[in-house]
Amino acid sequence: MAKSAVKKSTESPAELEQFYRDMLFIRHFEEKCNVVYRQGKAGGYMHVYIGMEALAVGWMNAIRKGDDYVITAYRDHAHALLLGTDPVKVMAEVMGRKAGTAGGKGGSMHIYDPDNGFYGGWGIVGGHIPLGAGLAFASKYRGDDKVTLNFMGDGAANQGVVFETLNMAGLWDLPCIFIIENNEFAMGTRLEYHAADPELWKRGLPFDIKSVRLDGMDVVQMKKDATEIVEEVRKTGKPYWVEVMTYRYSGHGAADNDRQLYRTKEEEQKAWERDPIGRLEKLLLDRNIMNREKMEAIDAELVDRVEKIYEEADASPFPDLEEVYDNIYSDMDPEKGH
Amino acid sequence: MAKSAVKKSTESPAELEQFYRDMLFIRHFEEKCNVVYRQGKAGGYMHVYIGMEALAVGWMNAIRKGDDYVITAYRDHAHALLLGTDPVKVMAEVMGRKAGTAGGKGGSMHIYDPDNGFYGGWGIVGGHIPLGAGLAFASKYRGDDKVTLNFMGDGAANQGVVFETLNMAGLWDLPCIFIIENNEFAMGTRLEYHAADPELWKRGLPFDIKSVRLDGMDVVQMKKDATEIVEEVRKTGKPYWVEVMTYRYSGHGAADNDRQLYRTKEEEQKAWERDPIGRLEKLLLDRNIMNREKMEAIDAELVDRVEKIYEEADASPFPDLEEVYDNIYSDMDPEKGH
Amino acid sequence: MAATLEMTYREALQKSLYEEMDLNADIFMMGEDIGRYEGTFKVTKGFFPKYGHRRVVDTPITEAGFTGMAIGAAMAGLRPVVEFMTMSFAILALDQIINHAAKVHYMTNGVVKCPIVIRGPGGAAKQLSAQHSHSLEGWFAHVPGLKVVAPATCEDAYGMLKSAIRDDNPVIFTENPGLYAMKGSIPDDQSFSVPIGKANILKEGKDISLIGYSRMTQVNLLAAELLEKDGIDAEVVDVRSLLPLDTETIYASVRKTHRSVVVYEDWRSGGFGAEIAARIAEDCFDHLDAPVGRVGGLNVPMPYARNLELQCIPDENDVVAAVRKLG
Amino acid sequence: MAATLEMTYREALQKSLYEEMDLNADIFMMGEDIGRYEGTFKVTKGFFPKYGHRRVVDTPITEAGFTGMAIGAAMAGLRPVVEFMTMSFAILALDQIINHAAKVHYMTNGVVKCPIVIRGPGGAAKQLSAQHSHSLEGWFAHVPGLKVVAPATCEDAYGMLKSAIRDDNPVIFTENPGLYAMKGSIPDDQSFSVPIGKANILKEGKDISLIGYSRMTQVNLLAAELLEKDGIDAEVVDVRSLLPLDTETIYASVRKTHRSVVVYEDWRSGGFGAEIAARIAEDCFDHLDAPVGRVGGLNVPMPYARNLELQCIPDENDVVAAVRKLG
Ligand SMILES: Cc1ncc(C[n+]2csc(CCOP(=O)(O)OP(=O)(O)O)c2C)c(N)n1
Ligand SMILES: Cc1ncc(C[n+]2csc(CCOP(=O)(O)OP(=O)(O)O)c2C)c(N)n1
Ligand SMILES: [Mg+2]
Ligand SMILES: [Mg+2]
């Protein structure tokens, strides 16, 4: 059933500051990506995480980073960064450089870093969901106690393959947590126009899978709820279906510059009141954990850090033309030439 | 929720006799199909309806035959026969004859008769479900009050496209009744091995669709429940998700001759106690509507009728070789030759 | 000869859609973000306000499901025009298209018709990477029961879409993202249409036949100009329709020039250009002074980096090089 | 030279699967009715009792879903062998195979491997009608990132399946229903394997090259016997591997015989035979005394009636006729 009861926070000041730094870093990183895109230094489809930071921060702090499996769609910068992927490599990939996580071959939508437990970075809506269950299948097959976080959007939650996967995950008891990042929109389509029942959390129930709806704009609560669920799944080895409510302040992708086609400025304004960063700032101030000056200092520090990341990435070369043929196969070249 | 309360029957003796004749005719027709197959006069995949007769009889007697839309998978003889398709044409199609419903091009799995409201007859498990919703979409688009019966098996109810269709049917209010013919097996896979939760009726709930489980072995009750649902859908224009419990006594298909791989003889014996025909016979006897002699007379009459159907079909010619190129397109020939 | 109108390829498609929808109330459009959002490539811009959600249906992201629903609606007599945000996503609906739309007419021996148009941008746009840059027309053109067209000009975009919508069979209508903004002229005549199944000579020439479709036909026109400078007089054959394929026009050109290069954006190996080349080589054998050349996309999943991507997509220089190679 | 064992094509596949599963505990099988039901074509008969449900996984009828799960498991280092009840059903899983399995190695620039085998009966069985009789190998062979093999003999079924399972890339392994009961001999040597990417000359000849794969290679052997009677000495080239394609062996044969016919069961237009024919015609141009002939399936959705179905599938007489046509 839909959760709500907010428990009293017990996070240490240090942990809260880390949440703050993580969310703010993602925000600035993503804003920089938007700039880079507008400058024409990134292309194609690029989707940023602005507004959704608390969600990824909460979950990534609930798992065994680098050991547990994480997989998501194309809105993937935050997940990689929080798992410990070198930000320069992420920015370089976004800019199509040789130094990128995929040598410039994947781009923003296809960030991968298996060494840190991150399996992408996928572009076909819903297509990676069975892959994530497959990672969990491997855990069960091997008898290890890894947990898989399998992220998707609210629009993706309509794809048939998601239900096929839920049925098998329930049937075979796979340690897979399906997490809907419900930001209320699938590109230009509002939740109400794409889901028969907007309460997506119910969709796990017919498969005998524990299902819940959570708030993704409160990083403290998110981390708490995530931790509970991760530990339960690690113990039971059974799947979990989680709908997390959030919002994206940016356009769907960097190429989406007419948000008024599907929502009003007023609506966006209202949504800003839920801004997870502003919300945490309030908490930090209320509890006298941090004052404005400190916040501004951290902000300046992170802006500067992101700038350096960008400069380093921008200074790195594009892939060599011959590389186009590399890594299609692990052991052979394709036929070359037109 | 799962229905059970059996209401007192109010069917007239004439109607009950018709149910009896319809079920018995299907049983004999299908048994003849099995013989025809064993004789090598039919080939490929052929799936009979033995044990499930009450289900189709109940539903086909609940709709406006010829006006409402009906679509199903490859286990399709009964649906066509009950809608009024010439049995000789059905048998001829099963035998790959020119006189068949599809001129011998479709075979047992692909019986069609749109004039009687029957849209097939499809071989890809789950593949026809969106088609059925499309028929209902057309009704809504045109503003007529037709209802669509969209049949599928319990195994088909796992296919992703079924859930995609449910979401749209719920989202757009389509007058479509999704009916699961739950005969407890998907080929050689038992319900418990293919469904995370065997209560398939629950799967309509997350899409805000009225959902129910019904008994498909009592033709009287089936017809009653079906009539209620059909009339409600005709009135509301909203979809309905129905799981009907039944059983197939025959193998999955005529080529499945080792049922013991997935169920015991004892289990089958037990299932025979639920035989819908035996059940109706008991009712007819208890109410003194029919005596044994009458039943035997009807049985003999129908056996004879099926024999004549077979003989007429068997006497009809195979397609002419040139016909292989006909009707690929409505207005042009394909390239000919190897 | 009627006056002409200047417009983009995108506008030509829109004009065709407007005129057909106004003519026939059984026509409706279905697809992701085609209504309120106006379509990702803006082809359906303006239709939602005019026709409303009954005839311009925004769907969930369920390609197999909504394609199947459109097919069912077509079986019931409606005339759906389905848009795929990119043709790459048609891969998720292939079972519906190939096993249902393409086969129902045959499996019912002609009783059921399936008048559906499936359209959208096919091929590479710009840095959309490996999963969003497919050219699938060759797969579709392999399937009996489908018709497959790939117009390269504004006039054909306008005229062939009309024919596709009026056709009683499933038609795959593939547009290339690189063509939407291209300007051109179309006849100012609402009764105008271009039949499916006829290739078109866009430039006459005597030395070599450059054979292609969709955007590659424009590339061939550029190549022809470059070749001109070297005194090579190329004929540009716009295939337009892959299924049915107008071999008559193609062969006539090759029998005249005795040389040919087939150009397509899809992966070189196994693309539809192979079929065209194989037919020319077989049926024009005695007329060929050189092997049938082929220029296709590199056999590589489309990379993101622009410099790598550009390498993968054939351009006029690749065509010129292929012509030179024939000697 | 090791002794040989007589067995059917089906038994050769089983022997290969048993030996590999015993060698490597990371290998598991997944598919519909492959366990308790022993598989519709009985290829997996005996495996469930031996390995249990952990390594022989009966799946729901959800091709896209379980294929995707197998791919994810492969990304995590396991080595799944997925069976499709018939390859026709792979159409429902194409997005998983083409957009995920085939591309992950490239999209991660070599970081992630996907060692998966996808096998099953491809092509027409007997009267399964239009939706169950597809030959999809041509589509797969069009996709960079996949390897595609189609063994025609028991020895290759045994040896190539081993190579496929040991390969670190996704391999499509297509079997033809008509081959399962065919008898043949394989070396009595568990270390035996047949590399992917090498064609094989099954019969030497000097007059014409009959080029095919899977069951059509057997048809070509029959055709060669018929041609023998007319004093035509045909060479039978078994392609075996479509991707990679061993053009070297194919070209060598054609350059020797100067004549060739490519034979495949798939629809003639746009089938992979077109690619093979186009390459021969282009690269062996100066060695050809006649056009490259092609024999393919009729461009028709497979009909149910046996007499119509038999017309659609190429047989030895069609091959002989094609050879005669070349003059
Ligand atoms: C199969 C498929 N269909 C369509 C698209 C185009 N597309 C990319 S993102 C997107 C919207 C997805 O929305 P949601 O799942 O809510 O994720 P969000 O972008 O909101 O994070 C669409 C339609 C695609 N990439 N894949
Ligand atoms: C997509 C697809 N996968 C597999 C098959 C093979 N197949 C045909 S019927 C069947 C079992 C279906 O069971 P169910 O849906 O319960 O229907 P029933 O046969 O019991 O009426 C299978 C696996 C198919 N035809 N289509
Ligand atoms: Mg969303
Ligand atoms: Mg069943």
Which heavy-atom pair separates [X] from [Y] by the least distance, and what is that distance?
X	Y	value
A:Gly103	D:Asn109	CA-ND2, 3.7 Å
D:Ala76	A:Leu135	CB-CD2, 3.9 Å
D:His105	A:Ser330	NE2-CA, 3.5 Å

In terms of heavy-atom contacts, does [atom1] of [X] have more than 12 from other residues, nucleotides or ligands at under 6.0 Å?
X	atom1	answer
A:Lys65	NZ	yes
D:Glu19	CD	yes
A:Lys202	NZ	yes

Which one wins on heavy-atom pair count under 4.5 Å against chain D: [options]?
options	result
A:Leu131, A:Ile129, A:Asn167	A:Leu131
A:Ile71, A:Ile124, A:Thr101	A:Ile124
A:Leu174, A:Ile328, A:Asn327	A:Asn327
A:Tyr141, A:Phe163, A:Trp122	A:Tyr141

[X], part contacting chain A, at a heavy-atom distance under 4.5 Å:
X	value
D:Thr59	both
D:Asp95	side chain
D:Ala25	backbone
D:Ala70	neither
D:Lys103	neither
D:Leu92	neither

With chain A as the partner, which of D:Ile61, D:Thr247, D:Leu245, D:Leu146 has the greatest number of non-hydrogen pairs under 4.5 Å?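 If we count pairs closer than 4.5 Å to chain A, D:Leu146 comes out on top.
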Among D:Cys114, D:Pro60, D:Gly110, D:Gly145, which residue has the highest count of heavy-atom pairs closer than 4.5 Å to chain A?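 The candidate making the most pairs under 4.5 Å is D:Gly145.
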I'd like to check [X] versus [Y] (side-chain heavy atoms, cut-off strictly below 4.5 Å). Are they in contact?
X	Y	answer
D:Val104	A:Tyr119	no
A:Trp172	D:Met69	yes
A:Met109	D:Met107	no
A:Pro130	D:Ile71	no
D:Thr108	A:His110	no
D:Lys147	A:Met332	yes
A:Met168	D:Thr62	yes
D:Asp167	A:Tyr329	no

Consider only side-chain N and O atoms of D:Asn169 and A:Asp331, and report whether a donor and an acceptor are under 3.5 Å apart.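 A pair is found: one side chain offers a donor N or O, the other an acceptor, under 3.5 Å apart.
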So which part of A:Glu335 gets closer than 4.5 Å to some heavy atom of chain D, the side chain, the backbone, both or neither?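 Contact with chain D: side chain only.
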Side chain from CB out, backbone as N, CA, C, O: work out which of these in A:Ile111 comes under 4.5 Å of a heavy atom of chain D, or both, or neither.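 Neither part; nothing is under 4.5 Å.
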Distance check, rounded to the nearest 0.5 Å: A:Thr165 atom OG1 versus D:Phe66 atom CZ?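 Atom-to-atom, A:Thr165:OG1 and D:Phe66:CZ are 11.5 Å apart.
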At what distance, to the nearest 0.5 angstrom, does NZ of A:Lys140 lie from CZ of D:Arg54?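 So the NZ of A:Lys140 and the CZ of D:Arg54 are separated by 10.5 Å.
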Test ring pair (Phe, Tyr, Trp, His ring centres under 6.0 Å) on A:Phe137 and D:Phe28; report intermediate values, then the result. CA-CA 11 Å; A:Phe137 181 94; D:Phe28 70 95; 4.9 Å; yes
Does any N or O in the side chain of D:Gln96 come within less than 3.5 Å of the main-chain N or O of A:Gly127, such that one atom is a donor and the other an acceptor?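 It does hold such a pair.
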